[in-house]
Amino acid sequence: LLEHGAQDSGVLAWPFYAIDRCRITIGNAVSDAAEPWRQPSMAPSHFDVIVVGVGTAGASALYHLARRGHKVLGIEQFTAPNAQSSHHGSTRIFRTAYAEDASYVALLQRARDGWLDAEAAAGCQLMHVTGSVHGGPAGCGEYRGALQACVAHGLPYETLTAAQLQRRHPGYRLPEGYEVVWQPDGGFVLAEASIRTFVGLARQAGARVVEQAPVRAWQANEQGVTVQTDGRTYRAARLVFTAGAWTSRLLPPLARSLKVVRQVVGWFDGPVQHFAAKHFPVFTLDSPAGKLFGLPQWQQPGFKIGVHHHRGQVVPPDAPGSSLDEVDVQMLRRAVQLGFRSADGPLLSSSACLYTVTPDEHFAFGVHPQHDNVVIASACSGHGFKFMPLLGEIVADLVESRPAAVPLDLHGLARLWPRAA
Ligand SMILES: Cc1cc2nc3c(=O)[nH]c(=O)nc-3n(C[C@H](O)[C@H](O)[C@H](O)COP(=O)(O)OP(=O)(O)OC[C@H]3O[C@@H](n4cnc5c(N)ncnc54)[C@H](O)[C@@H]3O)c2cc1C
């Protein structure tokens with residue numbers, strides 16, 4: 001009798017893939033051939049660390065933990081990567097002139113080193129430098145914040161008027177009176193390709209990954225942790241939650257602090273000589289149409305643009321619906337018309353994704369208040385992807401009870417966890 005079980009996608013690491021999804025039952029005895037490492041002769045079913053959610057933070061956590069010698073298992077409800085959570089859509093902005101808070105610059109510098117290390121380890125390019133543009137109407141917060149970050153950290157930058165920017169980068173046609181900070185180190189990183197790369201590196205370092213296996217329940221005590229998927233129980237000494245938009249489903253006390261918001265982006269047809277990566281720096285801009293972000297054409301036709309938080313629609317994480325309605329499209333087109341008129345052609349494609357948002361829009365890292373063997377990490381609030389290589393390092397430090405290598409004062413879990421819970 002053959003029965004399909006959870007798919008272990010360790011195709012590269014394990015030559016047993018031919019029997020990877022089979023469970024063999026003889027009489028009442030079950031030999032779990034689906035996961036050869038569960039057989040006593042091959043490896044124990046007990047891990048050092050289980051990571052729940054193999055997305056942006058989870059894939060990086062797996063890599064760093066495995067590299068540090070931990071026997072680690074990643075459990076993902078869909079595939080790694082997937083188009084149902086927060087990391088799809090080809091590209092993500094990387095910028096160092098951070099208006100959110102100047103303290104991010106130290107995190108960004110370490111993240112940049114991490115991207116370079118991952119590229120060297122995997123032998124592929126994940127980061128593309130285009131320069132970045134930050135600003136809006138004279139005196140706006142985005143301009144002031146980016147300028148402050150550049151000055152405070154001695155980053156190279158120039159300030160430009162709308163006309164000067166358009167002369168350099170004709171894709172930009174910002175209204176008269178807009179002013180921007182141009183920073184040469186910004187650019188973009190690949191989205192799905194980075195998840196794939198970190199999962200591959202983690203596997204090479206010995207990590208196991210189980211896909212299509214939603215975690216339904218977990219327990220922790222001083223002896224260790226137990227994690228249940230449909231029909232399986234996994235055990236480990238420690239547990240890490242990197243479940244993105246589903247975090248508060250697994251950790252209900254966080255439900256009041258973590259809002260899941262629908263975020264839409266569109267790809268608009270625009271001339272390649274304006275919107276190809278070598279001509280078009282990434283941007284974040286304040287505007288009457290909202291806080292806009294955008295990236296050059298890459299891998300799929302069209303210039304990519306979105307409005308941060310879009311319509312502010314709070315949604316359940318598994319709400320169906322990647323399709324856009326008329327209001328969505330109008331919002332995106334207004335953004336294009338405001339500053340990128342040569343791309344005011346057809347909307348070529350679009351996508352809806354999920355932001356997990358904290359009240360102050362910083363991240364969440366910490367140890368569970370009741371279980372010191374459970375770590376929680378959410379690189380959330382719509383700007384976490386660029387930190388991917390650093391996220392795993394932070395998780396690994398928390399798992400090992402080491403001080404983090406970067407300041408995390410803004411991102412502590414305590415501010416999000418209700419006092420009474
Ligand atoms: C449209 C859009 C544009 C963005 N642009 C940028 C940008 O330009 N720059 C930037 O830095 N950031 C950007 N972000 C933000 C960034 O992508 C996210 O902050 C980041 O991807 C979040 O990472 P995560 O690991 O928390 O979540 P995810 O990458 O979503 O990973 C969570 C994983 O956990 C899995 N999971 C959840 N529950 C379970 C369970 N019970 N069992 C098993 N698995 C589970 C999910 O399926 C998922 O794969 C953008 C986000 C969106 C949506």
Side-chain angles (χ1 to χ4, degrees), residues 6 50-62 73-96 98 100 104 107-108 111 115 132 186-192 194-195 198-199 209-218 227-230 234 240-251 258 260-266 282-284 292-295 304-310 317-318 322 350-358 361-365 376-388 390-392 395:
I50 293 174
V51 176
V52 175
V54 187
T56 315
S60 176
L62 282 176
L73 170 70
I75 307 180
E76 168 56 46
Q77 62 179 343
F78 304 125
T79 55
N82 62 71
Q84 290 100 310
S85 43
S86 302
H87 56 250
H88 62 286
S90 302
T91 51
R92 290 287 185 271
I93 291 174
F94 185 97
R95 59 194 160 91
T96 28
Y98 232 65
E100 285 83 344
Y104 278 95
L107 278 65
L108 286 156
W115 284 111
S132 63
F188 62 91
V189 288
L190 304 187
E192 294 91 336
S194 295
I195 309 271
F198 274 83
V199 169
V209 178
V210 178
E211 294 174 281
Q212 309 287 10
V215 167
R216 305 290 186 197
W218 64 278
V227 169
Q228 271 130 19
T229 61
D230 292 328
Y234 299 94
V240 172
F241 286 110
T242 46
W246 286 262
T247 299
S248 62
R249 289 269 174 92
L250 295 157
L251 297 153
L258 299 182
V260 177
V261 175
R262 177 172 174 266
Q263 177 64 48
V264 159
V265 291
V282 300
F283 68 83
T284 56
L292 314 183
F293 61 91
L295 303 98
K304 179 177 173 182
I305 189 164
V307 184
H308 191 52
H309 292 300
H310 196 59
D318 27 31
S322 56
S350 61
S351 139
C353 199
L354 298 169
Y355 274 4
T356 308
V357 186
T358 61
E361 304 210 6
H362 298 305
F363 304 148
F365 298 111
I376 298 159
S378 182
C380 43
S381 305
H383 61 117
F385 199 95
K386 64 184 74 60
F387 299 94
M388 181 179 185
L390 174 64
L391 305 177
V395 167

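Just so you know, ligand 1 is whichever comes first in the structure, and atom 1 is the first atom listed for that ligand. Numbers here are sequence positions counted from 1.
The closest approach between any non-hydrogen atom of Pro214 and ligand 1 is below 4.0 Å. Using a 4.0 Å heavy-atom cutoff, Gly306 is absent from the residues neighbouring ligand 1.
Annotation: Arg92 places an N or O atom under 3.5 Å from an N or O atom of ligand 1; distance criterion only. Annotation: His383 places an N or O atom under 3.5 Å from an N or O atom of ligand 1; distance criterion only. Residue-to-ligand polar distances place Phe385 within reach of ligand 1: an N/O pair is separated by less than 3.5 Å. For Ile195, no nitrogen or oxygen atom sits less than 3.5 Å from a nitrogen or oxygen atom of ligand 1, counting backbone and side chain alike. Checked against a 3.5 angstrom limit, the closest N/O atoms of Thr79 and ligand 1 fall outside it. The shortest N/O to N/O separation between Gly384 and ligand 1 falls below 3.5 Å. Not a single N or O atom of Cys353, backbone or side chain, sits closer than 3.5 Å to an N or O atom of ligand 1. Remark: ligand 1 and Tyr355 share no N or O pair separated by less than 3.5 Å (distance only, no angle test). Backbone and side-chain nitrogen or oxygen atoms of Ala57 are examined, and one is located within less than 3.5 angstrom of a nitrogen or oxygen of ligand 1.
Listed for the Gln84 side chain is no donor-acceptor partner under 3.5 Å among the backbone atoms of Cys353. Checking side-chain atoms of His383 against main-chain N and O of Glu361 turns up a donor-acceptor pair under 3.5 Å. Counting only distance, with no hydrogens or angles, the side chain of Trp246 and the backbone of Pro317 share no donor-acceptor pair below 3.5 Å. Between the Ser86 side chain and the Leu354 main chain, a donor and an acceptor come within less than 3.5 Å of each other. Formation of a donor-acceptor pair under 3.5 Å by the Thr242 side chain with backbone atoms of Val52 is found in this model. Between the side chain of Ser60 and the backbone N or O of Met388, at least one donor-acceptor pair lies under 3.5 Å. Looking at Lys304, its side chain does come within 3.5 Å of a backbone N or O of Gly89 through a donor-acceptor pair.
Distance from atom 9 (N) of ligand 1 to its nearest protein heavy atom, with residue and atom name: Ile93 O, 3.1 Å. Looking only at heavy atoms of the protein, atom 42 (N) of ligand 1 is closest to Val215 N, 2.9 Å. Here the protein heavy atom with the shortest distance to atom 30 (O) of ligand 1 is Ser86 N, 3.0 Å. Distance from atom 27 (O) of ligand 1 to its nearest protein heavy atom, with residue and atom name: Gly244 CA, 3.6 Å. For atom 15 (C) of ligand 1, the closest non-hydrogen atom of the protein is Gly382 C, 3.4 Å. For atom 31 (O) of ligand 1, the closest non-hydrogen atom of the protein is Gly55 CA, 3.3 Å. In this structure, the protein non-hydrogen atom closest to atom 43 (C) of ligand 1 is Gln77 N, 3.1 Å. Among all non-hydrogen protein atoms, the one lying nearest atom 21 (O) of ligand 1 is Thr56 OG1, 2.8 Å.
When only modelled atom types and interatomic distance are considered, His308 and Tyr355 share a side-chain donor-acceptor pair under 3.5 Å. Side-chain N/O atoms of Lys386 and Tyr104 include no donor and acceptor closer than 3.5 Å.
Using a 4.0 Å cut-off to heavy atoms of Leu250, the atoms of ligand 1 that qualify are 41 (N). Taking every heavy atom of Ile75 and a limit of under 4.0 angstrom, the matching atoms of ligand 1 come to 43 (C), 44 (N). Within the listing of ligand 1, atoms 47 (O), 49 (O) sit less than 4.0 angstrom from a heavy atom of Asn82.
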Can Gln212 and Thr79 be said to form a side-chain contact (heavy atoms from CB on, under 4.5 Å), step by step?
CA-CA 6 Å; Gln212 309 287 10; Thr79 55; 3.4 Å; yes
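Listed by chain and number, the residues in a salt bridge (charged side-chain N to carboxylate O under 4.0 Å, His left out) with Glu192 amount to none (sequence neighbours excluded). With sequence neighbours left out, the side-chain hydrogen bond (donor to acceptor under 3.5 Å, both in side chains) criterion links Arg92 to no other residue.
Rounded to the nearest 0.5 Å, atoms OH (Tyr98) and CG (Leu108) are 6.0 Å apart.
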